[in-house]
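Read the structure below first, then the notes.
Counting begins at 1 with the first residue of the sequence.
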Amino acid sequence: MRSSLLVVALVLGAWAPGASAQDTSGRNLAAACAICHGTSGHVPASAPVSALAGMPREQITERMRAFRDGKRAATVMHQIAKGYTDAQIDALAAFYAAQKR
């Protein structure tokens, strides 16, 4: 029984759409950001985090790399950003920059 559950979990994990370590699809990567930054980067005006939708691509890229490299103070973003490659940060920035404010 336990091995059957493991097989099912592995199959579902391999099938499930989402962001893998090598994923450079901005839309897929952005799913992880939605919990704090809202769907497609839209947050209420009173939110303590930045709205990312429509933010200039260069600004998003610069901020993400600064978080990742420890050059920008944060509560959790510096830890989260460490998991992204330059290509993934570029993809996220392009995705959010393309969203309407």
Side-chain angles (χ1 to χ4, degrees):
M1 176 71 170
R2 187 173 226 166
S3 62
S4 296
L5 291 175
L6 178 60
V7 169
V8 170
L10 289 172
V11 169
L12 289 176
W15 171 82
S20 71
Q22 300 303 314
D23 194 350
T24 55
S25 164
R27 181 173 173 249
N28 287 348
L29 293 167
C33 308
I35 194 162
C36 294
H37 293 279
T39 305
S40 299
H42 295 96
V43 297
S46 62
V49 296
S50 299
L52 299 175
M55 184 183 284
R57 183 179 184 164
E58 299 78 22
Q59 187 177 9
I60 297 169
T61 302
E62 181 181 307
R63 287 183 180 186
M64 281 290 291
R65 289 191 175 127
F67 284 132
R68 182 190 65 193
D69 300 340
K71 296 177 181 174
R72 185 178 171 108
T75 54
V76 296
M77 274 305 300
H78 64 289
Q79 295 169 345
I80 295 167
K82 285 183 184 191
Y84 291 99
T85 65
D86 283 338
Q88 290 171 323
I89 290 172
D90 291 342
L92 278 167
F95 173 77
Y96 283 120
Q99 304 306 305
K100 291 184 180 181
R101 285 189 176 244

For [X] against [Y], the heavy-atom pair lying closest together:
{"X": "A97", "Y": "I60", "result": "N-CD1, 4.2 Å"}
{"X": "A93", "Y": "T61", "result": "CB-OG1, 3.2 Å"}
{"X": "S25", "Y": "A91", "result": "C-CB, 4.4 Å"}

Restricting to pairs with a member in residues 90-101, which pass side chain to side chain donor-acceptor pair (under 3.5 Å), not counting sequence neighbours?
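Only R65-D90 qualify under side chain to side chain donor-acceptor pair (under 3.5 Å).
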
Considering only residues two or more places apart or on different chains, which pairs with a residue in residues 35-45 satisfy side chain to side chain donor-acceptor pair (under 3.5 Å)?
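Residue pairs passing side chain to side chain donor-acceptor pair (under 3.5 Å), neighbours aside: none found.
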
Can you tell me which residue pairs pass the salt bridge (charged side-chain N to carboxylate O under 4.0 Å, His left out) test with a partner in residues 66-76, sequence neighbours excluded?
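Listed by first then second residue: R68-D86.
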
Enumerate the residue pairs fulfilling salt bridge (charged side-chain N to carboxylate O under 4.0 Å, His left out) with a member in residues 51-62, sequence neighbours excluded, ordered by first and then second residue.
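Those involving residues 51-62 do not exist here.
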
Mind checking what makes side chain to side chain contact (heavy atoms under 4.5 Å, CB included) contact with [X], not counting sequence neighbours?
{"X": "P48", "result": "none"}
{"X": "H78", "result": "A74"}
{"X": "S50", "result": "L52, M55, R63"}

Could you tell me if the side chain of L29 sits less than 4.5 Å from the side chain of F95, heavy atoms only?
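No, too far: nothing below the 4.5 Å cut-off.
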
Linking directly or through intermediates, with side-chain heavy atoms under 4.5 Å: list the remaining ILVMFWY members grouped with V49, chain and number order.
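V49 clusters with V43.
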
Same cluster for V76 and Y84 if Ile/Leu/Val/Met/Phe/Trp/Tyr side chains link at under 4.5 Å?
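Yes, one cluster joins them.
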
